[in-house]
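To start, the structure under review is shown below, and the notes come after it.
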Amino acid sequence: MSEVPQFPVYDRVALMSVHLAEVGVGQALNALRSAPAPAAIEGLRYAQTWLMSPLRTGALPSAKVTGVALIAAWDDDQSLDRYLSHPTAQVYRKGWNARFEPVRTVGAWPGLPDLPRQEKPTDDDPVAVLTMARVRMNRFAPFASAAGPAEREAQRHPGFLAGTSLLRPPGRVATLSLWRNAREMRQYTVGSYPGGHLEAMKKHQDKEFHHETLFVRLRPYATEGQWNGRDPLGRTDPATKA
């Protein structure tokens, strides 16, 4: 048996990446089982694959699988650059790939290293929001009912750029949403527009839906490829990272 390579570990994640591939169900399921292993890839701190599904527009969650997503955390851009030639990255090469600086975190997630807690300003730049949760099975129906209005309202908000549901059976759910700026994102999440997300938060506080939750705000600084036929954030260069 070959030895597992030992790589240096830094105190804090430098960047997170999101890789979305709009592929068929069979290819998505194969990729779901093929997440890169942090112990085997230099600079990789965390990696998890998810099935993509549309944010709901009706009363019921969508059962449609639209592709596969990889959420990862890295020590530096150079580590991510090297990974892009790895066999497990092949499915994402023709998809949408984005690099983010974590700027605000609430909660925690197994296996994901330390992320910034104190908010870093993002001015009027676009932001992404990643939410991940492990749902209590006896609370799945109330959770789905509360999440519906929030998902529908997000897509109608003028500051909403793009979004997707992420699923990892049996009980892990996530969402990725992109916003024109943090001010408009907060107007949706904790403001009065039109209140579905705030109501869902109150219901969760009354009787928790989840075993574990994580909310991460991210500042995009480089993107490549297309999602739904376009790059919702526009193309930038990794060298422009602040």
Side-chain angles (χ1 to χ4, degrees), residues 13 16-39 41 44-56 60-74 88-89 91-92 95-98 100 102 104-115 128-152 154 162-178 189 196-197 200-201 203-205 207-218 227:
V13 164
M16 294 188 70
S17 65
V18 173
H19 312 265
L20 306 181
E22 296 168 289
V23 296
V25 176
Q27 194 173 1
L29 290 173
N30 286 336
L32 183 72
R33 296 187 289 265
S34 303
I41 296 177
L44 177 60
R45 302 290 301 281
Y46 169 85
Q48 186 66 78
T49 50
W50 303 77
L51 295 175
M52 295 173 61
S53 184
L55 294 173
R56 76 175 82 179
L60 298 176
S62 174
K64 182 179 181 181
V65 173
T66 58
V68 65
L70 169 65
I71 308 296
W74 304 88
T88 60
V91 67
Y92 306 103
W96 187 73
N97 298 270
F100 299 91
R104 173 82 167 98
T105 309
V106 177
W109 193 254
L112 186 62
D114 191 26
L115 296 172
V129 177
L130 173 66
T131 71
M132 298 192 293
R134 186 163 66 93
V135 183
R136 300 176 188 271
M137 289 296 99
N138 64 345
R139 298 290 293 159
F140 204 95
F143 161 73
S145 177
E151 291 184 16
R152 293 192 295 271
T164 183
S165 293
L166 302 172
L167 311 169
R168 188 168 177 87
R172 281 169 284 183
V173 297
T175 60
L176 173 72
S177 59
L178 308 178
T189 55
H197 187 272
M201 292 173 61
K203 290 180 179 179
H204 172 67
Q205 290 170 354
K207 194 168 185 180
E208 291 187 352
F209 297 141
H210 311 126
H211 292 286
E212 297 153 335
T213 56
L214 178 73
F215 301 86
V216 187
R217 189 183 310 163
L218 304 156
W227 175 12

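Positions are given from 1 along the sequence.
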For residues [X] and [Y], determine if any side-chain heavy atom of one lies less than 4.5 Å from a side-chain heavy atom of the other.
| X | Y | result |
| --- | --- | --- |
| Met132 | Gln48 | no |
| Leu44 | Trp74 | yes |
| Leu166 | Thr164 | yes |
| Thr66 | Glu22 | no |

[X]: partners by side chain to side chain donor-acceptor pair (under 3.5 Å), with sequence neighbours left out:
| X | value |
| --- | --- |
| Thr105 | none |
| Trp227 | none |
| Ser53 | none |

Self-check item: Reported CZ-to-OG1 distance for the pair Arg217 and Thr189, which is rounded to 0.5 angstrom
Solution: 7.5 Å
Exercise. Hey, could you give me the CG/OG1 distance between Leu130 and Thr175, rounded to the nearest 0.5 Å?
Key: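 One finds 7.0 Å between CG of Leu130 and OG1 of Thr175.
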Quiz prompt | Side chain Arg168, main chain Thr49, donor-acceptor under 3.5 Å | solution = yes
Quiz item: What residues form a side-chain contact (heavy atoms from CB on, under 4.5 Å) with Ala128, not counting sequence neighbours?
Solution: Phe100, Leu176, Leu178, Leu218
Self-check item: All side-chain contact (heavy atoms from CB on, under 4.5 Å) counterparts of Ser177, not counting sequence neighbours
Solution: Val129, Phe160, Trp179
Show the atom names and distances, to 0.1 Å, of all donor-acceptor pairs under 3.5 Å that link a side chain in residues 24-33 to residues at least two apart or in another chain.
unit_1	atom_1	unit_2	atom_2	d
Asn30	OD1	Arg33	NH2	2.8
Asn30	ND2	Gly26	O	3.4

Quiz item: Can Ser34 and Thr88 be counted as having a side-chain donor-acceptor contact under 3.5 angstrom?
Solution: no
